[in-house]
Amino acid sequence: MSQIVENKICDSQEMGLILARIAEEIVARNQGHQKLALVGILTRGVCLARRLQRIIKDRSGRELPLGILDITLYRDDLSHATHHPVLRKTEIPFSLDDATVILVDDVLYTGRTVRSAMDGLIDFGRPQSIQLAVLVDRGCRELPIAADYVGIEVPASPQDRVMVRVEESDGFDLVTVNPRSSFEGESANGI
Amino acid sequence: MGFKRKDLLGTRDLSAVEIRTLLESAESFKEIAERPLKKVPALRGKTVVNLFFEPSTRTRTSFEIAAKRLSADAVNMSAATSSVVKGESLIDTVDNIQAMAPDIVVIRHRYVGAAHLIAGRIGASVINAGDGANEHPTQALLDLLTIAEHKKLEPGLTVAIIGDIAHSRVARSNIWALTTLGVTVKVCAPPTMLPRGLEEIAEICVCRRPEEALVGADVVMMLRIQLERQDRLLFPSIRDYARIFGLNRRRLELARPDAIVMHPGPMNRGVEITSEVADGERSVILNQVSNGVALRMAVLFFLGGQGA
């Protein structure tokens with residue numbers, strides 16, 4: 001993809017600082033919680049959750065269990081999706097009953113992904129609470145959902161495209177915001 | 001990329017990409033069977049009609065469980081309790097079902113092409129759950145899913161299919177799907193149970209004796225001898241069949257040391273397979289059944305999620 005028109009919001013170094021800060025906030029807010037767990041939403045939410053897990057382990061020595069959630073089966077637009085999304089594997093290898101779950105995603109936009117994710121999580125048990133951590137909050141919510149931990153706020157209109165790239169899946173860390181027209185055909189982050 | 005069809009009628013015309021897409025998705029659906037709450041909302045509000053004109057327990061139940069785990073409403077109709085016994089034609093039955101606006105119709109019928117006929121007639125997606133001796137695509141795909149748990153589905157793999165090839169839609173669907181993926185297929189059957197010209201339509205190796213098919217096989221797929229067809233005398237006696245073609249431990253030793261044993265069910269223990277082998281450590285027969293649900297969930301999801 002052409003990078004000429006991309007407006008950079010944050011690079012690898014800044015992303016590192018942001019995640020360290022979010023990790024700090026998660027630990028501070030949940031001190032004393034025995035059953036604390038991270039669950040990443042595929043794909044980039046999982047990469048970010050893994051990084052948070054590593055930072056928290058380095059800082060506090062505490063290793064939080066990590067789950068992977070595919071929300072495809074919980075989407076509210078399945079019957080009018082034009083092409084069929086590929087289903088990936090959900091892996092939550094620990095009990096969610098009475099746990100405090102930190103749900104992690106890259107971009108918070110309409111809130112529909114988070115709603116799907118909460119429906120999915122609740123099918124696995126009854127968490128004591130669910131908190132939401134996102135790298136970017138771009139606004140324009142369609143559902144009454146707010147994040148507990150926000151990396152950067154990027155107020156963007158629905159015509160803009162906010163892209164998060166992470167090294168694990170894209171080869172490099174970068175957050176950009178662009179007018180949609182310059183990225184026709186590329187899949188949006190979030191639904 | 002992916003799977004974009006209205007119907008699943010057979011494996012013969014499926015591409016390798018389509019087969020792998022279904023298998024990959026099915027792999028993800030396996031996990032749902034291990035959840036405390038075995039249900040996801042993907043097909044909420046969709047109606048799946050199971051239309052079985054032939055007896056079936058496993059396949060019908062499997063489709064029903066798959067549909068219900070996806071939150072679809074599954075309705076079963078079997079020929080014995082339907083208006084078919086009152087003389088209604090297949091087309092009239094199907095027209096009536098279509099009038100009730102189902103999203104997916106799963107059909108098993110004794111005549112070849114029944115599912116194709118219906119697919120061309122109704123707006124709902126049609127899944128062929130067996131049409132005569134022609135095809136049974138979901139069985140072949142669940143077999144592939146089971147093989148993939150143990151082996152790499154690629155050129156170099158050898159699958160031996162032994163039994164009544166001529167009357168087996170399972171064999172046919174497996175042959176098409178496996179050869180599409182470049183897997184070597186060896187078949188073996190008594191001459192009366194071998195369709196003529198098989199080697200000309202599919203790239204397979206036809207063996208005269210089961211020993212020849214077993215040597216070097218990574219997967220041994222035994223087929224059911226259809227005892228109900230025995231009035232046509234396809235071999236002298238069941239005992240002779242078991243002696244010459246049955247899979248026992250001694251014969252299984254000819255296959256690769258890590259070969260797995262499969263059977264689509266229902267088994268005639270002591271005829272095509274001994275209990276020792278069927279219940280042995282290399283048998284994956286019950287895994288096939290578990291995988292059947294995941295695979296059918298994948299198929300229903302792809303067909304039903306696209307909107308009518």
Side-chain angles (χ1 to χ4, degrees), chain A residues 35 37 39-43 45-46 65-99 101 111-128 130 143 169 185-187 191, chain B residues 1-6 8 17-48 66-72 101 103-104 123-125 145 148-149 294-308:
Chain A
K35 287 187 79 176
V39 173
I41 300 174
L42 280 165
T43 309
V46 176
L66 179 87
I68 295 172
L69 189 63
D70 180 285
I71 56 123
T72 307
L73 297 170
Y74 295 87
R75 285 174 68 147
D76 58 8
D77 60 349
L78 264 185
S79 54
H80 36 94
T82 44
H83 61 279
H84 225 61
V86 173
L87 183 67
R88 287 157 304 172
K89 207 163 195 166
T90 292
E91 285 174 50
I92 302 193
F94 46 87
S95 162
L96 291 187
D97 287 330
D98 301 319
V101 178
R112 287 178 194 272
T113 302
V114 176
R115 187 216 51 94
S116 310
M118 287 194 288
D119 274 1
L121 279 181
I122 287 162
D123 279 0
F124 282 87
R126 186 181 182 281
Q128 198 245 316
I130 300 175
L143 296 173
S169 69
E186 215 173 316
S187 67
I191 44 176
Chain B
M1 185 196 72
F3 186 88
K4 291 177 199 159
R5 286 171 185 261
K6 172 181 161 282
L8 177 65
V17 172
E18 286 175 308
I19 293 172
R20 292 203 189 274
T21 300
L22 287 174
L23 295 182
E24 268 170 42
S25 291
E27 194 62 46
S28 301
F29 276 112
K30 281 185 196 168
E31 168 265 323
I32 292 167
E34 290 154 20
R35 296 186 186 183
L37 204 156
K38 300 181 186 59
K39 211 176 182 75
V40 293
L43 293 189
R44 203 172 42 157
K46 303 276 179 179
T47 306
V48 177
K68 288 183 170 166
R69 287 195 180 156
L70 290 169
S71 302
D103 299 285
I104 300 177
S125 290
L145 185 63
E149 284 179 346
L295 185 277
R296 291 182 174 112
M297 284 174 81
V299 171
L300 290 169
F301 174 66
F302 275 107
L303 298 181
Q306 288 166 340

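Because only heavy atoms are used, hydrogens play no part in the values below, and waters and symmetry mates are left out as well, while side chains stay in. Every chain is numbered from 1 and lettered A, B, ... according to where its sequence line falls, protein lines coming before strand lines.
In this structure K38(B) satisfies the salt bridge (Lys or Arg N to Asp or Glu O under 4.0 Å) test with no other residue, sequence neighbours excluded. Judged as a salt bridge (Lys or Arg N to Asp or Glu O under 4.0 Å), and not counting sequence neighbours, R44(B) has no contacts.
For a residue to count as touching a neighbouring chain, one of its non-hydrogen atoms must lie under 4.5 Å from one of that chain's; by this rule E27(B) touches chain A with backbone and side chain alike. Looking at L43(B), there are no atoms closer than 4.5 Å to chain A (heavy atoms on both sides), in backbone or side chain. For P36(B), the part lying near chain A is the side chain, with the backbone staying farther off; criterion is any non-hydrogen pair under 4.5 Å.
Judged purely by atom type and a 3.5 angstrom limit, S125(B) uses its side chain to pair as donor or acceptor with the backbone of K6(B).
Under the side chain to side chain contact (heavy atoms under 4.5 Å, CB included) rule, L300(B) has a single partner from D103(B), L8(B), I104(B), which is I104(B).
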